[in-house]
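As the structure lists them, so they are numbered: ligands from 1, and atoms in each ligand from 1.
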Amino acid sequence: MAAFLARSRCALRAQVAMVCSRAMASKTPVGFVGLGNMGNPMAKNLLKHGYPVIAFDVFPDACKEFQDSGAQIMESPADVAEKADRIITMLPSSPNAIEAYTGPNGILTKVQKGSLLIDSSTIDPVVSKELEKAVEKMGAVFMDAPVSGGVGAARAGNLTFMVGGAEQEFDAVKTLLTCMGSNIFYCGEVGTGQAAKICNNMLLAITMIGTAESMNLGIRLGLEPKLLAKILNMSSGRCWSSDTYNPVPGVMEGVPSANNYQGGFGTTLMTKDLGLAQYSATNTKTPIPLGSLSHQIYRIMCAKGYAQKDFSSVFQFLREEENL
Ligand code: NAD
């Protein structure tokens with residue numbers, strides 16, 4: 001049985017290698033499912049690198065906007081799989097990914113043998129492993145490759161990708177991902193990309209809340225916000241949330257706090273990622289007191305009307321709480 005499995009994995013690898021060498025020679029089409037805040041600029045970067053893109057999104061307006069950029073739009077993920085043997089998915093959460101892969105019009109209903117399926121959504125690592133099994137049964141290969149960097153990095157093509165899956169496929173995946181990102185890390189088996197991503201976002205939530213708290217306290221103590229940010233950014237409190245994505249309006253240009261917290265990384269998505277961290281921590285009996293508290297704070301924010309705002313709006317939330 002073990003020898004049989006090893007032989008069929010070898011045959012699968014040979015098929016994927018063939019698909020990828022064909023693709024490299026001629027830039028054959030790449031499928032893209034999920035054209036939202038992140039998927040849209042990522043898929044546009046594939047187009048810029050000369051890859052024809054065959055795409056689908058359940059939201060018709062997202063398709064229309066993308067069609068105007070020169071992509072071919074399909075009626076379902078299944079139709080994308082019929083036309084492309086390398087597909088990237090960029091979906092909000094685990095249920096959306098399950099639907100797009102295994103639903104009645106999902107990728108797996110028409111996937112070609114030897115296809116390479118890369119999921120860049122942030123989802124539960126357990127779900128990634130289940131998808132891997134389902135994909136392998138159809139004679140294709142699944143990798144998880146969630147991203148860090150946000151919409152700005154997606155536009156600029158300098159996302160960080162955290163990749164999980166068979167190491168032999170990493171070079172093939174990297175060829176595509178370098179069109180959209182500048183740091184591509186191999187993490188280990190399927191699910192480890194998600195694990196790295198969840199840890200990063202838990203830390204991000206904690207530092208964002210911490211930055212918002214500190215800035216708010218400093219302002220209350222009479223400090224001018226820009227000066228306080230400058231001091232923090234030259235001191236040991238400095239972090240990405242303080243020096244690149246400051247949550248206080250007026251401190252920085254070109255960040256969501258300068259635009260009434262529009263765009264960027266939604267509070268709902270951060271809440272989802274903290275839920276994944278909480279679930280993973282429970283499963284592995286890992287204490288995450290600050291991660292758990294951050295999860296509760298973001299859940300309350302969602303219930304109080306912040307769901308669609310950028311996650312840095314925790315600053316505004318704290319100030320409103322204070323006014324109460
Ligand atoms: P988004 O909600 O803007 O876009 C997701 C898109 O997927 C939407 O257009 C939606 O219509 C589409 N969709 C949902 N279900 C579908 C299905 N079954 N088939 C086809 N399309 C479907 O989300 P986003 O901000 O682009 O984030 C995507 C993923 O990337 C999330 O998992 C998020 O956690 C992660 N992420 C986001 C950011 C960010 O800054 N926005 C940064 C890093 C990672």
Enumerate donor-acceptor pairs with a distance under 3.5 Å from any side-chain N or O in residues 60-67 to protein atoms, sequence neighbours excluded.
from: E65; atom 1: OE1; to: N40; atom 2: ND2; distance (Å): 2.5
from: E65; atom 1: OE1; to: K44; atom 2: NZ; distance (Å): 3.4
from: E65; atom 1: OE2; to: K44; atom 2: NZ; distance (Å): 3.2

Ring geometry between F265 and F311 (parallel below 30°, tilted from 30 to 60°, perpendicular above 60°):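 It falls in the perpendicular class, over 60°.
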For a distance cut-off of 3.5 Å, show me each N or O of ligand 1 paired with any protein N or O, plus the separation.
from: ligand 1; atom 1: 3 (O); to: N37; atom 2: N; distance (Å): 2.9
from: ligand 1; atom 1: 3 (O); to: N37; atom 2: ND2; distance (Å): 3.4
from: ligand 1; atom 1: 9 (O); to: D57; atom 2: OD1; distance (Å): 3.3
from: ligand 1; atom 1: 9 (O); to: D57; atom 2: OD2; distance (Å): 2.7
from: ligand 1; atom 1: 11 (O); to: D57; atom 2: OD1; distance (Å): 2.6
from: ligand 1; atom 1: 15 (N); to: N96; atom 2: ND2; distance (Å): 3.4
from: ligand 1; atom 1: 21 (N); to: V58; atom 2: N; distance (Å): 3.4
from: ligand 1; atom 1: 26 (O); to: N37; atom 2: N; distance (Å): 3.3
from: ligand 1; atom 1: 26 (O); to: M38; atom 2: N; distance (Å): 2.9
from: ligand 1; atom 1: 32 (O); to: L91; atom 2: O; distance (Å): 2.9
from: ligand 1; atom 1: 32 (O); to: P92; atom 2: O; distance (Å): 2.9
from: ligand 1; atom 1: 32 (O); to: T122; atom 2: N; distance (Å): 2.9
from: ligand 1; atom 1: 32 (O); to: K272; atom 2: NZ; distance (Å): 3.1
from: ligand 1; atom 1: 34 (O); to: K272; atom 2: NZ; distance (Å): 2.8

Residues which pass side chain to side chain contact (heavy atoms under 4.5 Å, CB included) with A212, listed by chain and number, not counting sequence neighbours: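 For A212 the side chain to side chain contact (heavy atoms under 4.5 Å, CB included) partners, ignoring immediate neighbours, are P247, V314, F315, L318.
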Partners passing side chain to side chain contact (heavy atoms under 4.5 Å, CB included) against Y186 (at least two apart in sequence or in another chain):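 Partners of Y186 by the side chain to side chain contact (heavy atoms under 4.5 Å, CB included) criterion, ordered by chain and then number, come out as E167, F170.
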Residue from N96, T89, T109 passing side chain to side chain donor-acceptor pair (under 3.5 Å) with Y101: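 Only match with Y101 under side chain to side chain donor-acceptor pair (under 3.5 Å): T89.
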Minimal non-hydrogen separation, D144 against G193, with atom names: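 D144 and G193 have their closest heavy atoms at OD2-N, 3.2 Å.
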